[in-house]
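Since this is a predicted model, take the numbers as computed values, not measurements. Sequence lines set the chain letters: A, B, ... in the order given, protein chains first and strands last, and positions in each chain run from 1.
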There are 2 protein chains.
Amino acid sequence: MSVDEHEIGTVLVALADPTRRELLDALAEEGQASATTLAGRLPVSRQAVVKHLRVLEEAGLVRYGRLGREVLYEVRPAPLDSSARWLAERAAAWDRRLEAIKRVAENPPARPSDKPADHEH
Amino acid sequence: MSVDEHEIGTVLVALADPTRRELLDALAEEGQASATTLAGRLPVSRQAVVKHLRVLEEAGLVRYGRLGREVLYEVRPAPLDSSARWLAERAAAWDRRLEAIKRVAENPPARPSDKPADHEH
DNA sequence: CATTGGTGCAACCGCAGAGTTGCATTTCCC
DNA sequence: GGGAAATGCAACTCTGCGGTTGCACCAATG
């Protein structure tokens, strides 16, 4: 309801990369930092960091501002928050759905197919 | 704190793909369904669906069980839920961090660097 | 003004993953 | 038994993306 699929998509893609998550951790710790600084903390080149920061920025997870000759980035919690809500909503919806199905399966009608066996591996 | 980085990683990767999200939606709606059935609802081949289901299963987002000659899948909300908590925790941590930095920047000490200008684009 | 530290830009590489097709195999059902 | 429906397996293609390197460009500073 609250946020749209597409925005969530960009956030999920942004967060799916482990380097990007490390980058966010570093940024959150530093408060604010430049691409060069961050590249010093991770085992990748500055250019790689720049590219990552670009996708993070497009997901709204970081903000940047120029200060003299350097560009400082800082973290933005908002999209993370709305994504969390999106996930929680979805989990709740699934739960409701499963509950409804279980009720139907156990009580009134004939069962056309059984529940899948619990197949942990 | 609650769940480990690696598990979250697999969930995020699984959710990052739009086809996989559609697949989960379809599955949640159907209650349970086979790869063949699902392939009928999405614009991809059955084999593609099978591969997606494999990564979803490894992320714990679906469960499957054999019923005669067909394999039925159903959705599992738990990992979604813990991921949501993970994101929310992180967002909160960032918020605290930003607050702390703002306090430091405004009050006691000299400011070594200014806040980045608000650069929405 | 020349140097130096920080960015921006572009080309390039390698690989994983999303997708396909074809075929073998199992199981249901007449 | 013998199709027909569903799954399993394998090989293959192709695009995207994470990463690098090299160089040009700016701006602070002695």
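For the pair B:Glu99 and B:Arg103, the salt-bridge criterion is met [side-chain N within less than 4.0 Å of a carboxylate O]. Taking a cutoff of 4.0 Å between a charged side-chain nitrogen and a carboxylate oxygen, A:Arg85 and A:Asp81 qualify as a salt bridge.
Residues B:Val50 and A:Val44 each lie close to DNA chain D; by heavy-atom proximity, the contact nearer the 5' end of the strand is made by B:Val50. Between A:Arg46 and A:His52, it is A:His52 whose nearest contact on DNA chain D lies nearer the 5' terminus.
Contact check, A:Thr36 against C:dG6: no side-chain N or O comes under 4.0 Å of OP1 or OP2. In this model, the phosphate group of D:dA6 is not approached by any side-chain N or O of B:Ser34 to a distance below 4.0 Å at OP1 or OP2.
Linking ILVMFWY residues whenever their side-chain heavy atoms come closer than 4.5 Å, directly or via other members, places B:Val62 and A:Leu98 in the same cluster. In the hydrophobic clustering of this structure, B:Leu23 groups with B:Val44; members are Ile, Leu, Val, Met, Phe, Trp, Tyr whose side-chain heavy atoms approach within less than 4.5 Å, directly or through other members.
As rounded to whole Å, 10 Å separates atom C1' of C:dA10 from atom CD of A:Gln47. The distance from atom CD of B:Glu70 to atom P of C:dC28 is 10 Å, rounded to the nearest whole Å. Atom pair A:Tyr64:OH and C:dG8:C1' shows a separation of 12 Å (rounding to whole Å applied). Rounded to whole angstrom, the span from the CG atom of B:Leu38 across to the C1' atom of D:dA6 amounts to 13 Å. Between A:Arg66 atom CZ and D:dC26 atom C1' the separation is 8 Å, expressed in whole Å. Separating the CZ atom of B:Arg54 from the C1' atom of C:dG19 is a distance of 14 Å, rounded to the nearest angstrom. We find that CG of A:Leu53 is positioned 15 Å from C1' of D:dG19, with the value rounded to whole Å. The separation between A:Arg69 atom CZ and D:dT29 atom P is 7 Å, rounded to whole Å.
Within a heavy-atom distance below 4.0 Å of DNA chain C, no residue of residues 12-24 of chain A is found.
Panel note: side chain A:Arg41, backbone A:Glu22; no donor-acceptor pair is recorded below 3.5 Å. A donor-acceptor contact shorter than 3.5 Å is absent between the side chain of A:Arg63 and the backbone of A:Tyr73. Proximity of a side-chain donor or acceptor of A:Arg20 to a complementary backbone N or O of A:Ala14 within less than 3.5 Å is detected.
Here the nucleotide nearest the side chain of B:Val71, chosen from C:dT20, D:dG8, C:dG8, is D:dG8.
A:Lys51 contributes a side-chain N or O that forms a donor-acceptor pair with the base of D:dG19 under 3.5 Å.
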